[in-house]
Visitor: 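Submitted below is the structure of interest, expressed as structure tokens.
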There are 2 protein chains.
Amino acid sequence: MEEKRMTKQDAIYHDLKNKILSGYYQPWGTMDNESVLCKRYDVSRTTLQKAIQHLKQDGLVHSRQGAGTFVNPPEFFNLYSLRSLSERNAARGRTVESKVLFYEEVPCGNLSDIFHLGSDEPLVHYSRQRFLDGKPRLVDNAYMPRYLFRNLNEETLHGSMLSYMETCGYTVSHDLQTIRPIVADDHIANLLCIQVGTPIFQTDHVIYSTRNVVLQFVSEISNEQEIKTQSVR
Amino acid sequence: MEEKRMTKQDAIYHDLKNKILSGYYQPWGTMDNESVLCKRYDVSRTTLQKAIQHLKQDGLVHSRQGAGTFVNPPEFFNLYSLRSLSERNAARGRTVESKVLFYEEVPCGNLSDIFHLGSDEPLVHYSRQRFLDGKPRLVDNAYMPRYLFRNLNEETLHGSMLSYMETCGYTVSHDLQTIRPIVADDHIANLLCIQVGTPIFQTDHVIYSTRNVVLQFVSEISNEQEIKTQSVR
DNA sequence: CAGTGGTCTAGACCACCCC
DNA sequence: GGGTGGTCTAGACCACTGC
């Protein structure tokens, strides 16, 4: 994997993030002030503030004008943001495995509104059971236009689909998500090893390329019990 | 209500937002480029970019290096972000009414971990049914330390509690939220006018002041069916 | 009153897109 | 190659905090 050139703001972001996660900066404590950090990293204040802004978005710190920038305690961390579950975990070095439940080709039908395609246009339709560190974690159910992914086959499904889309030359731009509370039915309860009737999240994703083409529609059901987030006034 | 002095970036943000919501800028279309906007608003590029960054956070636009800044279609709008329901709606000129279900004073007990108080310390405990444009929308169940809010009484509960906290001299800094899927029981179904067993969201808030004092713990159950959000790669 | 973060400027160079 | 947004600088003044 080629290492991307890092911008200064990203390098500072990562360094400060490590210092927070490693406990070098203590929760509720103040970080060094901006002028000190500017000198340490040899950057202008604008660049430093970009890095700090990124930390704020992650819920790692918050600032108060006139007082300082403070490290948040871990329960504020936005590590459980609304991103793709698989991606999040792969990034943390955990094993993600997939079992293909089915793989078929179907006409676009009712989904023509989402894909802006004729109702006869063929879609690849698959479903997977996904395991995190060996335990069932998520069931997905996805549709992708065949004309965009000619060489997509059952083998492909074992890896990350976002990576696959990028190897096809598409750049993922947006992911429109809709989160709904549902109750687990027989089928889902079985696949996720939970009790029938358990309330869980279902998240639908509509994934767009930079050309505003819909690359994928996927509905994910995970056995996550809660989403934590933070808002700062 | 005193009008706050608006910064340039906020003024530009609001103006562009209006132009998008009013249809002056069309979905999928490109906005004027940055140098044009800089001249129009007579600001530097940094300031303009701050305004655009704010629009991005709201899901109103997205940018692609080398291509331009594009207006998102309405389904991307983050108007349903994870903020306080009451606040969101009041801001849009809709009527919010509250019916107090109960109001009492209880010892801190099990909540001493959250409030960092002794288990004998008194808390105000209340619950409200909240109506949006006359229809039941949300049920809350809240605890607040009595020693911070000496003059809090049943009357207070009819207005916005966030505003009340500020009139007491506290500045709200953080809101830690936990969102869970639950199924409506008899009690909740009745209050929200939905069927028993309907899956819905429960959101717990822990609200901190700038001094890291916990001002309120509130558990909200609303009859919102879904949360929409957007992520940009 | 000294120190902090918030806002703002007027430039510059670069990476990327599209023609 | 011309135009776009992304990054970055070296300043400046302001609003707010806390002693």
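A, B, ... follow the sequence lines: proteins, then strands. Residue 1 opens every chain. Computed over heavy atoms, backbone and side chain alike; hydrogens, waters and symmetry mates excluded.
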Visitor: Using atom NE2 of His54(A) as one end and atom P of dG6(D) as the other, report the distance to the nearest whole Å.
Guide: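 Taking atom P of dG6(D) as the reference, NE2 of His54(A) is at 15 Å.
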Visitor: Of Gln9(B) and Ala67(B), whose closest DNA chain C nucleotide lies nearer the 5' terminus?
Guide: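 Upstream on the strand: Gln9(B).
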Visitor: What is the distance, rounded to the nearest whole Å, between atom CE of Met6(B) and atom P of dA15(D)?
Guide: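 So the two atoms are 16 Å apart, to the nearest Å.
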Visitor: Within the structure shown, what part of the strands sits under 4.0 Å from Thr69(B) by heavy-atom distance: base, sugar-phosphate, or nothing?
Guide: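 Touches sugar-phosphate only.
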Visitor: List in chain and number order the residues that pass ring-ring contact (aromatic ring centres under 6.0 Å, His included) with Tyr143(A), two or more places apart in sequence or in another chain; answer none if no residue qualifies.
Guide: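 With sequence neighbours excluded, Tyr143(A) shows a ring-ring contact (aromatic ring centres under 6.0 Å, His included) to His125(A), given in chain and number order.
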Visitor: Between Phe70(A) and Thr47(A), which residue's closest nucleotide on DNA chain D lies nearer the 5′ terminus?
Guide: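 Closer to the 5' end of DNA chain D: Thr47(A).
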Visitor: Tell me the interatomic distance from Gln49(A), atom CD, to dT7(C), atom P, rounded to whole angstroms.
Guide: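 Rounded to the whole Å, the gap is 9 Å.
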Visitor: Would you kindly say whether Asp32(B) and Tyr25(B) are connected by a side-chain donor-acceptor distance under 3.5 Å?
Guide: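 Per modelled atom types, Asp32(B) and Tyr25(B) side chains form a pair under 3.5 Å.
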Visitor: State which residues pass salt bridge (Lys or Arg N to Asp or Glu O under 4.0 Å) with Glu105(A); sequence neighbours excluded, sorted by chain then number.
Guide: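 With sequence neighbours excluded, Glu105(A) shows a salt bridge (Lys or Arg N to Asp or Glu O under 4.0 Å) to Arg146(A), given in chain and number order.
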Visitor: Which nucleotide sits closest to the side chain of Glu34(A): dG5(C), dC8(C), dT7(D)?
Guide: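 Of the options given, the side chain of Glu34(A) lies nearest dG5(C).
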Visitor: Classify the angle between the aromatic ring planes of His54(B) and Tyr13(B) as parallel (below 30°), tilted (30 to 60°) or perpendicular (above 60°).
Guide: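 His54(B) and Tyr13(B): parallel rings.
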Visitor: What's the closest nucleotide to the Asn33(A) side chain, out of dT4(C), dG6(D), dG6(C)?
Guide: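 Closest nucleotide to the Asn33(A) side chain: dT4(C).
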Visitor: Measure from OH on Tyr13(A) to P on dT7(D) and round the result to the nearest Å.
Guide: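 It works out to 14 Å between those atoms.
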Visitor: Quick one: Tyr41(B) OH to dT7(C) C1', roughly how many Å, whole number?
Guide: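 Between C1' of dT7(C) and OH of Tyr41(B): 18 Å.
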Visitor: Using only side-chain N and O atoms of Lys50(B), determine if any of them is under 4.0 Å from OP1 or OP2 of dG6(C).
Guide: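 Result: no.
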Visitor: Using a strict 4.0 Å threshold on nitrogen-to-oxygen distance, state whether Lys8(B) and Asp42(B) make a salt bridge.
Guide: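 Result for this pair is no, no salt bridge flagged.
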Visitor: For Phe70(B), which residues count as a ring-ring contact (aromatic ring centres under 6.0 Å, His included) partner, sequence neighbours excluded?
Guide: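 So Phe70(B) forms a ring-ring contact (aromatic ring centres under 6.0 Å, His included) with His62(B).
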Visitor: Report the residues that fulfil side chain to side chain donor-acceptor pair (under 3.5 Å) with Lys19(A), sequence neighbours left out, ordered by chain and then residue number.
Guide: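 With sequence neighbours excluded, Lys19(A) shows a side chain to side chain donor-acceptor pair (under 3.5 Å) to Asp15(A), given in chain and number order.
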Visitor: Who passes ring-ring contact (aromatic ring centres under 6.0 Å, His included) against Phe115(A), sequence neighbours left out?
Guide: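 Checked Phe115(A) against ring-ring contact (aromatic ring centres under 6.0 Å, His included); zero matches.
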Visitor: Between Arg64(A) and dG6(C), is there a side-chain N or O to OP1/OP2 distance below 4.0 Å?
Guide: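 Result: no.
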Visitor: Take atom NE2 of His62(B) and atom P of dT4(D), then tell me their distance rounded to the nearest Å.
Guide: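 In whole Å, dT4(D) P and His62(B) NE2 are 16 Å from each other.
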Visitor: From dT9(C), dG5(D), dC18(C), pick the nucleotide closest to the side chain of Ser44(B)?
Guide: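 Shortest atom-to-atom distance from the side chain points to dT9(C).
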Visitor: Scan nucleotides 11-13 of chain C against the protein and return all N/O pairs shorter than 3.5 Å with their distances rounded to 0.1 Å.
Guide:
| residue | atom | partner | partner atom | Å |
| --- | --- | --- | --- | --- |
| dA12(C) | N6 | Arg45(B) | NH1 | 3.3 |

Visitor: Examine dT4(C): is either OP1 or OP2 under 4.0 Å from a nitrogen or oxygen in the side chain of Ser63(A)? Give yes or no.
Guide: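 No, no such contact exists.
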Visitor: Within less than 4.0 Å of OP1 or OP2 of dG6(C), is there a side-chain N or O belonging to Thr7(B)?
Guide: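 For dG6(C), OP1/OP2 do not have a side-chain N/O of Thr7(B) under 4.0 Å.
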Visitor: The side chain of Gln65(B) is closest to which nucleotide in this list: dT7(C), dC8(D), dG6(D)?
Guide: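 Given the options dT7(C), dC8(D), dG6(D), the side chain of Gln65(B) is closest to dG6(D).
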Visitor: State which of dC8(C), dT9(D), dC18(C) makes the closest approach to the side chain of Val43(A).
Guide: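 So the nucleotide nearest the side chain must be dT9(D).
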Visitor: What is the distance, rounded to the nearest whole Å, between atom CG of Asp10(B) and atom P of dG6(C)?
Guide: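 Rounded to the whole Å, the gap is 13 Å.
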Visitor: Rounded to whole Å, how long is the line connecting atom CD1 of Ile52(A) with atom P of dG5(C)?
Guide: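 These atoms are roughly 7 Å apart.
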